[in-house]
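Below: the structure, in structure tokens.
Every number for a ligand or one of its atoms is a count from 1 in the order of the listing.
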Amino acid sequence: MNNPNIQNPCDVFTFSDYLSLMKELGQPAFRAKQLAQWLWVHEATNYDEMSNLPADLRTQLVKAAPLKRASVRKVQHSKDGTRKYLLCFADGVCVEAVGLPSNIPSSNVDDVKPEQRQRLSVCVSSQAGCSLGCTFCATGQGGLVRNLLPGEIAEQVRIVAADFGIRASSIVIMGQGEPFQNYDAVLAGLRILNTSTDDGGFGIGARHITISTAGIIKGIDTLATEPEQFTLAVSLHSAVQTTRDKIMPGLRGQSLEKLRTALVDYYKQTGRRPSLEYALIDEVNVNIVEITALKDFAQTTKAHVNLIPLNTTSSNLESASQLKTTQIAKELRDAGINVTIRKERGSDIAAACGQLTQEKRG
Ligand code: SAH
Ligand code: SF4
């Protein structure tokens, strides 16, 4: 917040913004941590609730940094427990976020307190819309509206976790948008999530935070140098250049060989295996040539492969059959590749991957 006179503390970029704000208001540094805790741990909706801040500071803050939280415009409940949220920010721009609850394995139940027996994964948007225009993805069809701020990424997690009444145990940046086209803000947002609750963050371990990219090489290279152990997923969808160029037109001109090298280097540098997301599209990326190329790409990059049944969008593309999917999984496993078939959730409320669309407050 370069100019605290006009900024909403929920638009914060890093925790040091709170320090600057407090300094500007003549306050000691510990007030910054108190403010962060009120915002992200205690979820205050106005300054009056911040009872350990002096009354005159609260009055100053109302003027200097008016607090405007994101609002929930719509919640949809899937029969499988998934919930999809339409969240709107102060400027009227809205994004979707998804909450995916799961029970911990029954063998572990006795060791765990009742309130911790459910896990919650939150699927978060990194941009409103997306400029990359992948043909199979609903988000890509609407274009980019704007980048999200770090605090807007944190707001999505806060609202979803509060609605479920449990803390978020893992985060996937797989909602709307391409995170590496908004790199700095996304990393800053993830740091708010990763910071301990004692310091005013969400306390979510970096290994439980996954960033999914369409494969922007600069972002992959930079992520490898970050101190946190965030998990990387790359949406590959085809290891054949001509096919990838067709279905992911926004990345045309970026060679798959360079992507392969970036992933090899990423593994060398971090020791962490990336995963490759592969939506199975009938008559597009499931023939012998495509699967052979996928096998080779996964072997050389040491990546885990996540096979995803294609979700329906307005495109004419169709998912490969279940039989085909299990055959491909077996073929990859036989080649020594670690494979999972993603179970899609929330498809009845269009909350599955690639079904999130852009809606504006009307
Ligand atoms: N832009 C990033 C993150 C958001 S998309 C990326 O592309 O990785 C989240 C995931 O959903 C990606 O793996 C994306 O490729 C996948 N996806 C998009 N449309 C899909 C669809 N119709 N069916 C299944 N998965 C889809
Ligand atoms: Fe954007 Fe990812 Fe959708 Fe492609 S798949 S349009 S990169 S959100």
Side-chain angles (χ1 to χ4, degrees), residues 82 84 95-98 100 121-148 153 156 171-183 185-186 189-190 209-217 219-220 223 230-239 243-252 254 259 262-263 274-282 284-286 294 303-320 322 325 340-347 350-358:
T82 302
K84 180 169 84 163
V95 295
E96 289 177 329
V98 180
L100 302 112
S121 177
V122 184
C123 174
V124 171
S125 294
S126 56
Q127 298 181 305
C130 182
S131 68
L132 291 184
C134 301
T135 55
F136 48 83
C137 171
T139 309
Q141 304 316 303
L144 177 68
V145 178
R146 72 162 168 83
N147 279 334
L148 297 189
I153 289 166
Q156 296 174 57
I171 305 295
V172 289
I173 309 294
M174 292 191 184
Q176 294 167 18
E178 167 46 47
F180 288 168
Q181 290 206 322
N182 185 21
Y183 187 95
V186 168
L190 299 189
I209 299 179
T210 301
I211 309 176
S212 176
T213 174
I216 305 230
I217 289 170
I220 295 171
L223 189 70
F230 295 126
T231 302
L232 174 68
V234 173
S235 297
L236 184 68
H237 305 313
S238 176
T243 309
R244 198 166 197 266
D245 287 350
K246 245 184 248 155
I247 59 177
M248 301 178 78
L251 289 182
R252 213 176 273 155
Q254 180 185 279
L259 179 61
L263 291 176
S275 48
L276 302 173
E277 312 285 300
Y278 200 94
L280 298 159
I281 315 175
D282 195 30
V284 174
N285 64 358
V286 290
L294 168 62
H304 173 113
V305 174
N306 218 333
L307 297 177
I308 313 170
L310 184 79
N311 291 306
T312 336
T313 65
S314 57
S315 76
N316 295 326
L317 302 171
E318 285 190 25
S319 185
Q322 225 172 341
T325 307
T340 42
I341 300 175
R342 187 185 292 161
K343 194 168 142 253
E344 276 312 333
R345 299 180 55 185
S347 49
C353 296
Q355 293 187 319
L356 303 184
T357 53
Q358 189 53 40

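Taking 4.5 Å as the limit, every side-chain heavy atom of Val98 sits out of range of all side-chain heavy atoms of Val172.
One finds the CG atom of Leu132 at 10.0 Å from the OG atom of Ser235 (value rounded to the nearest 0.5 Å).
Among the atoms of Cys137, an N, O or S atom is found under 2.8 Å from atom 3 (Fe) of ligand 2.
Residue contact annotation: His237 has a non-hydrogen atom under 4.0 Å from ligand 1. The shortest separation from a heavy atom of Gly175 to ligand 1 is under 4.0 Å, placing the residue in contact.
Against a heavy-atom cut-off of under 4.0 Å, Thr213 is close to the following atoms of ligand 1: 6 (C), 8 (O). Of all atoms in ligand 1, listed by their number and element, those nearer than 4.0 Å to a heavy atom of Leu310 are 21 (C), 22 (N), 23 (N). Residue contact check: Cys134 has heavy atoms under 4.0 Å from atoms 4 (Fe), 5 (S), 6 (S), 7 (S) of ligand 2. Those atoms of ligand 2 with a heavy atom of Ala214 less than 4.0 angstrom away are 7 (S). Applying the 4.0 Å criterion to heavy atoms of Gly177 picks out, from ligand 2, the atoms 8 (S). Taking every non-hydrogen atom of Cys130 and a distance limit under 4.0 Å, the qualifying atoms of ligand 2 come out as 1 (Fe), 6 (S), 7 (S), 8 (S). Within the listing of ligand 1, atoms 6 (C), 7 (O), 8 (O), 12 (C), 13 (O), 14 (C), 15 (O) sit less than 4.0 angstrom from a heavy atom of Ser235. Within ligand 2, the atoms closer than 4.0 Å to a non-hydrogen atom of Leu132 are 7 (S), numbered from 1 in the order shown. Close approach to Gly140 involves these atoms of ligand 2, each under 4.0 Å from a residue heavy atom: 6 (S).
Side-chain N or O atoms of Ser125 include none that pairs as donor or acceptor with a backbone N or O of Gln127 at under 3.5 Å. When atom types are taken as modelled, the side chain of Glu277 and the backbone of Ile308 share no donor-acceptor pair closer than 3.5 angstrom.
The N/O atoms of Thr313, backbone and side chain alike, include none that comes under 3.5 Å of an N/O atom in ligand 1. In terms of N/O distances under 3.5 Å, ligand 1 is approached by Gly177.
Contacts with ligand 1 closer than 4.0 Å are made by side-chain heavy atoms of Glu277 only, the backbone lying farther away.
Here the closest heavy-atom approach between residue Ala262 and residue Ile220 is recorded as O-CG2, 4.1 Å.
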Review point. Step by step, would you call Glu178 with Ser126 a side-chain hydrogen bond (donor to acceptor under 3.5 Å, both in side chains)?
Key: CA-CA 7 Å; Glu178 167 46 47; Ser126 56; over 6 Å; no

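Remark: the Thr313 side chain and the Gln141 side chain contain no N/O donor-acceptor pair separated by less than 3.5 Å.
Scanning for side-chain hydrogen bond (donor to acceptor under 3.5 Å, both in side chains) contacts around Ser275 gives an empty result, with sequence neighbours left out. Annotation: side-chain hydrogen bond (donor to acceptor under 3.5 Å, both in side chains) contacts of Asp282 (sequence neighbours excluded): none.
Taking the six-membered ring where the residue is Trp, His237 and Phe136 present perpendicular rings, their angle passing 60° and hence far from 30°.
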